[in-house]
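Worksheet for the structure shown next.
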Amino acid sequence: MTNLIQHFKKNFFKYHSDFQKKYQFNDKINFNQINFDIPNNLSHGHISTNALFIYLKSSTMEKTEIIKFFTKKLQSSSNVEKVEIAGQGFINIFFKKNYLISELININKMGDNIGKSNIGKNKKINIEFISANPTGPLHLAHSRGAIFGDVLSNILEKVGYEVTREYYINDAGVQIEKLGDSLYVRYCQLINQNEIDINEMNYPGDYLINIAKLILQNDKKKWLNVNTSKRKKYFENFAIKHILKIIKKDCKNMGIKFDLFVSEKKIIKEGIINSVFKKLKKDSLLYEGVLEKPKSINDPDWEPRKQLLFKSTKFGDDADRPFLKSNNDWTYFANDSAYHYYKIKRKYNKIINIWGADHIGYIKRMKSIVKVMSDDKIDFLIKICQLVNLKKDNKPIKMSKRSGNYISIDEIIKEVGSDVLRFFMLYRKNDTQIDFDLSKVLEKTKDNPIFYIQYAFARSNSVLNNANKIFKKINYKNIYNLENHIQYISDYEWKIINKILIWPNIIENAASNYEPHKIIYYLEDLSSMFHIFWNKGNENKDLRFIDENNYDKTLSRLYWINSFQLILKSAFDIIGIKPIKKM
RNA sequence: GCGCCUGUAGCUCAACUGGAUAGAGCACCAGACUUCGGAUCUGGGGGUUAAGGGUUCAAAUCCUUUCAGGCGCGCCA
């Protein structure tokens with residue numbers, strides 16, 4: 001067992017049954033209300049619980065009697081050093097040093113498996129992220145959702161879930177037609193057929209030129225004389241195919257791999273929408289109606305129109321949502337409903353969507369439709385990633401949509417590297433905005449968190465190397481005499497060891513709240529503690545990692561450095577960046 | 001106008017989802033380099049958690065009202 005809380009919880013509930021037997025306690029206790037926390041302040045113990053509050057609330061028993069019972073029970077555990085009742089009624093538990101060290105030994109034994117757990121065992125999760133339209137390369141805003149989704153998947157896998165990473169390709173609709181047209185303009189441009197107005201292009205980015213060149217290479221001027229509908233179809237498909245290639249390459253450069261790409265076209269072709277339509281009809285959730293004019297529209301030509309609407313107001317949405325366009329095509333929302341029904345049918349325990357902030361208004365209708373189509377049986381979560389502001393030297397970099405002049409992921413990775421990009425996209429909670437400063441993120445000072453953490457790893461590595469030289473292959477992965485080593489561990493090191501031991505809880509916490517940033521903040525804390533202890537060694541020779549005259553003392557320090565490194569490596573692996581041994 | 005998100009130290013953000021004295025980093029002031037890698041560290045000041053009201057043993061966190069900012073709001077995706 002290497003999860004302090006889990007371990008403790010088990011014992012505690014054993015005591016609870018004893019308690020019940022002895023006092024014939026009329027049990028109305030809501031166990032979900034009993035927390036087992038890791039206090040910020042070590043003076044509040046290694047673990048603390050609010051259980052006493054909960055017991056007091058649901059019983060007429062004397063406080064002192066309850067306290068007496070539990071302190072006695074808790075203290076009888078061989079792991080527990082002391083139990084304190086503090087504050088208005090917290091039970092604080094302090095563990096014995098032997099126990100802490102034995103947990104450290106467990107961590108070192110687990111090696112690469114450190115942090116794994118089985119809370120997601122036999123459960124399947126589907127995570128859909130990026131799903132950017134295949135109309136151009138990915139840009140910075142996409143990368144946040146991309147990296148967030150990827151790392152969240154890693155975390156969920158770590159705690160035992162079976163995760164499907166999915167990308168929905170919006171390869172149907174008006175935008176795709178416009179894309180095909182833009183590609184045709186580029187094609188004509190290449191062969192000096194200038195009768196088409198370049199300013200009319202919807203997708204003016206340079207990437208279409210290269211794709212047009214490919215068509216020219218293969219087919220020469222053939223498409224100038226082909227009938228329009230056949231030509232349109234060809235250019236659309238050609239564009240999608242090659243842009244998808246670019247997107248996949250962007251993903252690969254960020255270290256992201258998908259398990260599944262699902263095409264909107266395919267969803268339409270398979271007619272999944274018909275099942276959705278039937279179901280909604282049956283439940284009387286579709287009707288012909290007229291929507292009010294939305295406040296955002298200032299168009300004087302706006303006219304009310306009768307159309308097929310989905311009754312999403314029934315589920316708390318602000319307005320009912322159109323299902324059919326006036327040309328009798330399904331709306332994007334209708335097709336998306338079909339796509340989500342397709343996900344539901346694949347029987348996941350949970351479906352997660354990662355969206356950009358510009359899709360906030362879409363949440364309610366999507367939740368409504370998923371609720372209906374799954375008979376309220378699927379656990380459906382939408383995580384929103386806020387905007388990313390690109391800067392350089394603290395000045396915003398303007399990006400123009402009109403010229404298609406976005407700074408691409410490709411360029412950013414070339415400038416700062418994928419590790420730095422990944423790190424900073426996770427450095428903030430998903431619902432706050434990020435300032436991404438191309439010059440700041442590369443600074444080699446402690447102000448730069450990724451550097452600071454990498455530097456701690458490099459330093460720790462340097463210690464191990466030096467120790468190896470001095471003691472000729474010291475085996476810091478094993479401890480042979482527990483009691484012997486405990487005497488050498490200083491107060492501050494116990495703090496570090498305690499921090500090391502809560503790593504499994506950090507992962508679980510990040511997983512159960514779907515918040516990857518918790519891992520980053522933990523890493524920053526842990527690294528800081530390492531740097532602090534290092535500096536203590538500069539001030540006080542007794543606190544140096546290596547004591548040439550004392551093998552055992554050195555070993556006692558190298559032993560926790562080994563766990564320190566295991567955690568950093570494991571965390572880096574989850575975040576998707578590489579540890580640097582020497583810098 | 002409506003919906004969602006946000007509001008925490010001068011700035012950028014945490015806070016184990018209702019827990020104890022609200023924590024870090026920048027910036028500011030004062031210190032430590034014959035160093036296991038000073039690319040670091042030590043100390044200090046700085047807060048009515050936007051404002052009011054409520055819920056309870058306990059509120060930055062939940063409910064409510066107000067204020068401010070962001071995003072979104074019919075046949076784009």
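In what follows, chains are A, B, ... by sequence order, proteins preceding strands, each numbered from 1.
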What is the nucleic acid contact for [X], judged by heavy atoms within less than 4.0 Å: base, sugar-phosphate only, or nothing?
| X | value |
| --- | --- |
| A:Asp336 | nothing |
| A:Glu515 | base |
| A:Pro304 | base |
| A:Ala132 | nothing |
| A:Glu443 | nothing |

Please report the distance, rounded to the nearest Å, between [atom1] in [X] and [atom2] in [N].
| X | N | atom1 | atom2 | result |
| --- | --- | --- | --- | --- |
| A:Tyr521 | B:rA22 | OH | P | 20 Å |
| A:Ile502 | B:rA15 | CD1 | P | 14 Å |
| A:Trp355 | B:rC4 | CH2 | P | 15 Å |
| A:Leu42 | B:rG23 | CG | C1' | 15 Å |
| A:Lys383 | B:rC71 | NZ | C1' | 17 Å |
| A:Asn498 | B:rC16 | CG | P | 18 Å |
| A:Asn540 | B:rU40 | CG | P | 22 Å |
| A:Ile450 | B:rA39 | CD1 | P | 19 Å |

Between [options], spot the one nearest the side chain of [X], thanks.
| X | options | result |
| --- | --- | --- |
| A:Ser48 | B:rA39, B:rA77, B:rA20 | B:rA20 |
| A:Asn40 | B:rG19, B:rC16, B:rC4 | B:rC16 |
| A:Phe451 | B:rG37, B:rU40, B:rC13 | B:rU40 |
| A:Lys444 | B:rA39, B:rG3, B:rU12 | B:rA39 |
| A:Ile532 | B:rC76, B:rC41, B:rC73 | B:rC41 |
| A:Ile38 | B:rG70, B:rC16, B:rA14 | B:rC16 |
| A:Asp318 | B:rG72, B:rC26, B:rA39 | B:rG72 |
| A:Asn513 | B:rU17, B:rA39, B:rA20 | B:rU17 |
| A:Asn509 | B:rG74, B:rC16, B:rG37 | B:rC16 |
| A:Glu539 | B:rA27, B:rC41, B:rC76 | B:rC41 |

Face-on cation placement of A:Lys391 at A:Phe436 ring, 6.0 Å and 45° thresholds: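 Negative - A:Lys391 is either too far from the ring of A:Phe436 or too far off its axis.
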
Pi-cation contact, A:Phe94 with A:Lys82 (under 6.0 Å, within 45°):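 Yes - A:Lys82 lies over the ring of A:Phe94, closer than 6.0 Å to its centre and within 45° of its axis.
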
Does the structure show a Watson-Crick or G-U wobble partner for [N], both distances under 3.5 Å? Name it, or say none.
| N | result |
| --- | --- |
| B:rU12 | B:rA24 |
| B:rC4 | B:rG70 |
| B:rA32 | B:rU40 |
| B:rU17 | none |
| B:rC76 | none |
| B:rU55 | none |
| B:rG47 | none |

Is the shortest side-chain N/O distance from [X] to OP1 or OP2 of [N] below 4.0 Å?
| X | N | result |
| --- | --- | --- |
| A:Ser462 | B:rG37 | yes |
| A:Lys518 | B:rA15 | yes |
| A:His517 | B:rA15 | yes |
| A:Asn466 | B:rG37 | yes |
| A:Lys429 | B:rC13 | no |
| A:Lys293 | B:rC73 | no |
| A:Thr432 | B:rA14 | yes |

Between A:Phe277 and A:Trp330, ring centroids under 6.0 Å: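 For A:Phe277 and A:Trp330, the ring centres are under 6.0 Å apart.
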
Between A:His46 and A:Phe8, ring centroids under 6.0 Å: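 No, the ring centres sit 6.0 Å or more apart.
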
Side-chain donor or acceptor of A:Thr432 paired with backbone N/O of A:Arg428 under 3.5 Å: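 No.
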
Stacking check A:Tyr362 vs B:rG72 (5.5 Å / 30 deg):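 Aromatic stack with B:rG72 absent for A:Tyr362.
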
Aromatic stack A:Tyr452/B:rA39: centroid gap under 5.5 Å, interplanar angle under 30°: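 No, A:Tyr452 does not stack on the base of B:rA39.
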
Residue mapping more 5' on RNA chain B - nearest nucleotide basis, A:Ile91 or A:Ser528: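 The answer here is A:Ile91.
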
First of A:His531 and A:Phe36 reached from the 5' end of RNA chain B, by closest nucleotide: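 Residue closer to the 5' terminus by nearest nucleotide: A:Phe36.
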
Residues A:Phe533, A:Phe545; criterion ring-ring contact (aromatic ring centres under 6.0 Å, His included); working and verdict: CA-CA 9 Å; A:Phe533 186 69; A:Phe545 291 106; 5.3 Å; yes

Whether A:Phe12 and A:Tyr55 hold their rings parallel, tilted or perpendicular, with breakpoints at 30° and 60°: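 Aromatic pair A:Phe12/A:Tyr55 classed tilted.
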
Aromatic ring pairing A:Trp560/A:Phe564, orientation class (parallel under 30°, perpendicular over 60°, tilted between):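 Plane angle over 60°, so perpendicular.
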
Donor-acceptor pair under 3.5 Å, A:Asn50 side chain vs B:rG19 base: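 Pair found.
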
If you measure from the [atom1] atom in [N] to the same atom in [M], how many Å do you get, rounded?
| N | M | atom1 | result |
| --- | --- | --- | --- |
| B:rC2 | B:rU12 | C1' | 32 Å |
| B:rG18 | B:rA77 | P | 40 Å |
| B:rC33 | B:rU21 | P | 39 Å |
| B:rA24 | B:rA15 | P | 15 Å |
| B:rG10 | B:rC16 | P | 23 Å |
| B:rU48 | B:rU8 | C1' | 12 Å |
| B:rU64 | B:rG45 | P | 40 Å |
| B:rA60 | B:rU17 | P | 16 Å |

From A:Ile354, A:Ile147, A:Ile352, residue fulfilling side-chain contact (heavy atoms from CB on, under 4.5 Å) relative to A:Phe129: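 Answer to the side-chain contact (heavy atoms from CB on, under 4.5 Å) test with A:Phe129 among A:Ile354, A:Ile147, A:Ile352: A:Ile354.
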
Glycosidic conformation of B:rU42, taking syn as within 90° of 0 and anti otherwise: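 For B:rU42, whose glycosidic angle is more than 90° from 0, the conformation is anti.
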
Ionic contact status for A:Lys553 with A:Asp547, cut-off 4.0 Å: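 Result for this pair is yes, salt bridge flagged.
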
